[in-house]
Number of protein chains: 2
Amino acid sequence: MREHKKISVLTYALLGLIHQKPRAGYDLRKIFAETAMGSFSNSPGAIYPALERLEKHGAIASEVMESAGLRRRRVFRITEPGEQEFKQWLSKPVTRDEIIRGTGELMLRFAFMEQALGAQAAITFLRNLRVELDAYVPGLKEYLHQHGPQMPLSGMLALDSGIRNYETLQRWVAYAIQTYQSFLASRQPLSANQINTSGGQS
Amino acid sequence: MREHKKISVLTYALLGLIHQKPRAGYDLRKIFAETAMGSFSNSPGAIYPALERLEKHGAIASEVMESAGLRRRRVFRITEPGEQEFKQWLSKPVTRDEIIRGTGELMLRFAFMEQALGAQAAITFLRNLRVELDAYVPGLKEYLHQHGPQMPLSGMLALDSGIRNYETLQRWVAYAIQTYQSFLASRQPLSANQINTSGGQS
DNA sequence: CATTTCATGTAATCGGTTACATGATTAG
DNA sequence: CTAATCATGTAACCGATTACATGAAATG
């Protein structure tokens, strides 16, 4: 049983991207710099040490590529134990604490989930998220209703903004579940007896 | 010109709460633990050292209160330079970078703004935020439109969730501006010549 | 009297930011 | 040839997390 120091969100983001396909540090930096994932640090001083730690941990392995006429690149691929660790992170239950701390990590997990665990796991994740949100949001609204009038206007509005975000997230969850269900339905149009009436293509 | 090491968001949150009124470390912890501000750490190992730093920095001053029959409390109040620093933080321009990094700090600033700088400043802040959002969000939507179809469904949905949050924020900004304007209108019903037709109460 | 809550801290560890350093390769 | 870009690092600093420590006052 290898000891299991806590891994940061940034590190999981790196692990997830490497899980998709082998990548070099520079590729990862570019992804952080250019896409909306930029919220997780794009500084080399964070990424390269994180990759080192992952390699020491045994979750990834690197190979220096020196094709002729190309710059030397250290390409990382995920290992078996690394994939296990990654999937375990994806499978963590959705907790209220995680919702309060911000939805960043939640959405990161979801973004990786389909490729790593399949569409069914993504739907389960969304259902769990919905349960937690439905349990959490009413209390927030109640708090605003109770204490809002005694707060300064800007404080009340700031709280309202947070609530609106959660409500938006609730609507998104519903939409996402629906989207996934149609997606699954279109991939497996008939469950048991596939009556092949028209030409089926692979 | 005192050197001006960067101050963390948590530290500004503490500074803002102390600006409202003098408080002890324990009060601050409770606020973080009990209200929706909990997203900024509630551990004593973060709060007490942060308060020490603020005091060394000269932004706050402490006084140990030992009223008879009460526990000893170290109560912090904001100093003149501390208030300057705080207001300067509140007055920082709204940048796209700040929007990308997350709206947490933005909303924190806004929540403190009315009390510290007045309602007019809050409106100005909201207007600037609106400008930045209007400049930023269309690009995100365009990106989703362009690259979405080639992404895995979960990735596309995750991006969509982020966009929905920004759109929600845009609607909130509009609502908040309106709210503030009615607020100001109700406080100053007639700007120049106040014709007192009915009994006015303080 | 014992336990809980109030109230303030300390120490170890570690990850991230910032800034700097280094070379190799392609473009102008 | 020079500048920009590719690509990988390193080092100093510092703040946050976690967990532990302490003691006094209220509560039962």
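Below, chain A is the first sequence line, B the second, and so on; all start at residue 1.
Here A:K6 does not reach the OP1 or OP2 of C:dG15: none of its side-chain N or O atoms lies under 4.0 Å away. Side-chain nitrogen and oxygen atoms of B:T11 include none within less than 4.0 Å of the OP1 or OP2 phosphate oxygen of D:dG15. A:S41 has a side-chain polar atom (N or O) that falls below the 4.0 Å cut-off from OP1 or OP2 of C:dT17. An OP1 or OP2 oxygen of C:dC14 is reached within less than 4.0 angstrom by no side-chain nitrogen or oxygen of A:S8. Regarding contacts with the backbone of C:dG16, every side-chain N or O of A:S43 stays at 4.0 angstrom or more from both OP1 and OP2.
Nearest to the side chain of B:R53, among D:dT18, C:dT17, D:dA16, sits D:dA16.
Here the P atom of nucleotide C:dG16 and the CG atom of B:L10 are 18 Å apart, to the nearest Å.
For the salt bridge (Lys or Arg N to Asp or Glu O under 4.0 Å) test, no residue two or more places apart in sequence or in another chain qualifies with A:R130.
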Strictly under 4.0 angstrom, non-hydrogen atoms only: write out the protein contact profile of nucleotides 7-13 of chain D, one letter per nucleotide from the 5' end, B, S or -. BBBB---

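A donor-acceptor pair under 3.5 Å is formed between the side chain of A:T179 and the backbone N or O of A:Y175. For B:S62 (side chain) and B:V75 (main-chain N/O), no donor-acceptor pair under 3.5 Å exists by modelled atom type.
Taking the centre of each ring, A:Y166 and A:W172 stay at or above the 6.0 Å mark. Remark: aromatic rings of A:F86 and A:F112 are close, center separation under 6.0 Å.
In this structure, the side chains of A:H19 and A:R77 stay at 4.5 Å or more apart for every pair of heavy atoms.
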